[in-house]
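What follows is a set of notes on a single structure, which appears directly below.
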Amino acid sequence: MSSLMKTDLVLPPKVALVLGGGGLKGFAHIGVLRAFQDRGIRPTVVAGTSIGSLIAAAYVGGMPIDEMERRALALTKPDLFRIDHVSMLTKRMLSPALYLGKPLEKLVRDIVPSGTFRDLSRPLLVNTVDLESASQVVWGLPGLQDVTVWEAVYASCALPGFFPPGIVAGRTCADGGISDNVPALAASYGMDAVIAVDVGSTNIARARRIRQKGFAAIYMRSAQILMKRLQGLQLESWTGPPLLLVRPAIWQYGMFSFAHVERMIVLGYEAANDALDRAGASMILGGVWPRRLVEVRVDREACTGCTLCATLAPHLMTMDQDGKAEVLVSPVEWSRADGEFVHQCPTHAIHASSIHGEIRRETLKMPVLEE
């Protein structure tokens, strides 16, 4: 049977679940967890970055999925984002962040289990970055377990410039998405497979009128682009155990939008079930899954011959005798981690379509971010 056909799900004994960062788009993780619950899947290790660490900690702590959804739907902007007017007025450029840390701290302490990582019933990994040493610190790994869970989760959620950094075991730590938004490799040691849920870094929507939206929006857009590239590099060179990449279709929603929480949870549920169905027995193999057949073509009239595609994907693209981009092999078998070079074409001259039997469906067009 072809690896691209739907087959019975086969998961190996030890599976790590990794929940990536992505602002409020991370509420899609709740739908993913509901799909796991419906299928009776219980990960051996749960890891997370930013909002992914918040939901991962609540999950390991035993919070019911229904309660997670209730809290997500009830959350409002004032519950989380309160500008630190006093600090910005008195300290100006020395103010540690735009928003107060107390609301975020309260949210974290209300949701995550008390005690240290050693007190948990199941391994939890919380990804942060030590701002002073410029190093990734994954709390919950051996030697990094004797710290309070909520302090590590707060730090993982503390996006630099937006919330003050956290202090964990004397380290000044912030959002782990700075270096690794979906810490699949850090969670893979000793595991037979990894399920990674990407809600914010690998696919992002096209932003309109970004210059008119202020420095915070420009900063966040820049951070997303950086996280997207870093995550792409890790997945392109993945050498760990079999990895199932779940990518909910939430790219058009803003990272700090409260208007689509219910829909994002549904999309997380659908994406998890789709990925698990399509992976089937392939989870006992290596590489990134699920995969599909993709047809790649070039619009010669739109191609300027810049050579970027041939540089980024020399195994698939080249330049012909007229200096135009040319596809070496098509169709090709791609995972959801492949095809990043398509989006890098400055004139959008490269097109990729997923092939489903007799049906061809455009899958790699960049959606537009909702206003």
What is the distance from atom [atom1] of [X] to atom [atom2] of [Y], rounded to the nearest 0.5 Å?
X    : Y    : atom1 : atom2 : answer
R70  : M63  : CZ    : CE    : 8.5 Å
E326 : L316 : CD    : CG    : 11.0 Å
F81  : L98  : CZ    : CG    : 9.5 Å
C345 : D299 : SG    : CG    : 9.0 Å
S53  : L124 : OG    : CG    : 8.0 Å
S353 : R297 : OG    : CZ    : 6.0 Å

Are side-chain heavy atoms of [X] and [Y] found at a separation under 4.5 Å?
X    : Y    : answer
W334 : R291 : no
L75  : F258 : yes
C309 : T307 : no
P160 : P165 : no
V298 : M317 : yes
M264 : P248 : no
L19  : T49  : no
D180 : V138 : no

Does any N or O in the side chain of [X] come within less than 3.5 Å of the main-chain N or O of [Y], such that one atom is a donor and the other an acceptor?
X    : Y    : answer
T116 : R118 : yes
D130 : A134 : no
T347 : A302 : yes
D192 : K14  : yes
R109 : W150 : no
N181 : G21  : yes
D277 : D274 : no
N273 : Y269 : yes
T90  : V86  : yes
S330 : V296 : yes

Next on the checklist: M191 vs V15, test: side chain to side chain contact (heavy atoms under 4.5 Å, CB included). Steps then yes/no.
Outcome noted: CA-CA 6 Å; M191 295 294 106; V15 177; 5.9 Å; no
Hydrophobic cluster membership, with links at side-chain heavy-atom distances under 4.5 Å among I/L/V/M/F/W/Y: are [X] and [Y] in one?
X    : Y    : result
F256 : I83  : yes
I167 : L144 : no
V45  : Y189 : no
V32  : L244 : yes
L131 : V168 : no

Item to check | Y59 six-ring face occupied by R122 cation (under 6.0 Å, within 45°) | outcome: yes
Checklist entry - With respect to L33, which candidate in I41, I55, V46 satisfies the side-chain contact (heavy atoms from CB on, under 4.5 Å) definition? => result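 Considering I41, I55, V46, a side-chain contact (heavy atoms from CB on, under 4.5 Å) with L33 is found only for I55.
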Item to check | Test log, rule side chain to side chain contact (heavy atoms under 4.5 Å, CB included), inputs V261 and L24 | outcome: CA-CA 8 Å; V261 173; L24 299 184; 5.8 Å; no
Next on the checklist: Check the orientation of F163 and Y99. Use parallel for under 30°, tilted for 30 to 60°, and perpendicular for over 60°.
Outcome noted: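 Tilted, since the angle between the ring planes falls between 30° and 60°.
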Checklist entry - Relative to each other, are the rings of H260 and Y253 parallel, tilted or perpendicular (30° and 60° limits)? => result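 Answer is parallel, since the angle falls under 30°.
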Checklist entry - Which is it for V288 and R336 under the side chain to side chain contact (heavy atoms under 4.5 Å, CB included) test, yes or no, and what are the steps along the way? => result CA-CA 8 Å; V288 180; R336 291 185 171 116; over 6 Å; no
Item to check | L54 vs V108, side chain to side chain contact (heavy atoms under 4.5 Å, CB included): CA-CA, chis, key distance, verdict | outcome: CA-CA 7 Å; L54 179 66; V108 171; 4.1 Å; yes
Item to check | Residues S50 and D175: side-chain donor-acceptor under 3.5 angstrom | outcome: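 Yes, side-chain donor-acceptor contact under 3.5 Å.
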Item to check | Exercise: do W289 and S335 side chains pair donor with acceptor under 3.5 Å | outcome: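 No pair is found: no donor N or O on one side chain lies under 3.5 Å from an acceptor on the other.
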Is it true that [X] and [Y] have a side-chain N and a carboxylate O under 4.0 angstrom from each other?
X    : Y    : answer
R300 : D322 : yes
D110 : R71  : no
R34  : D66  : yes

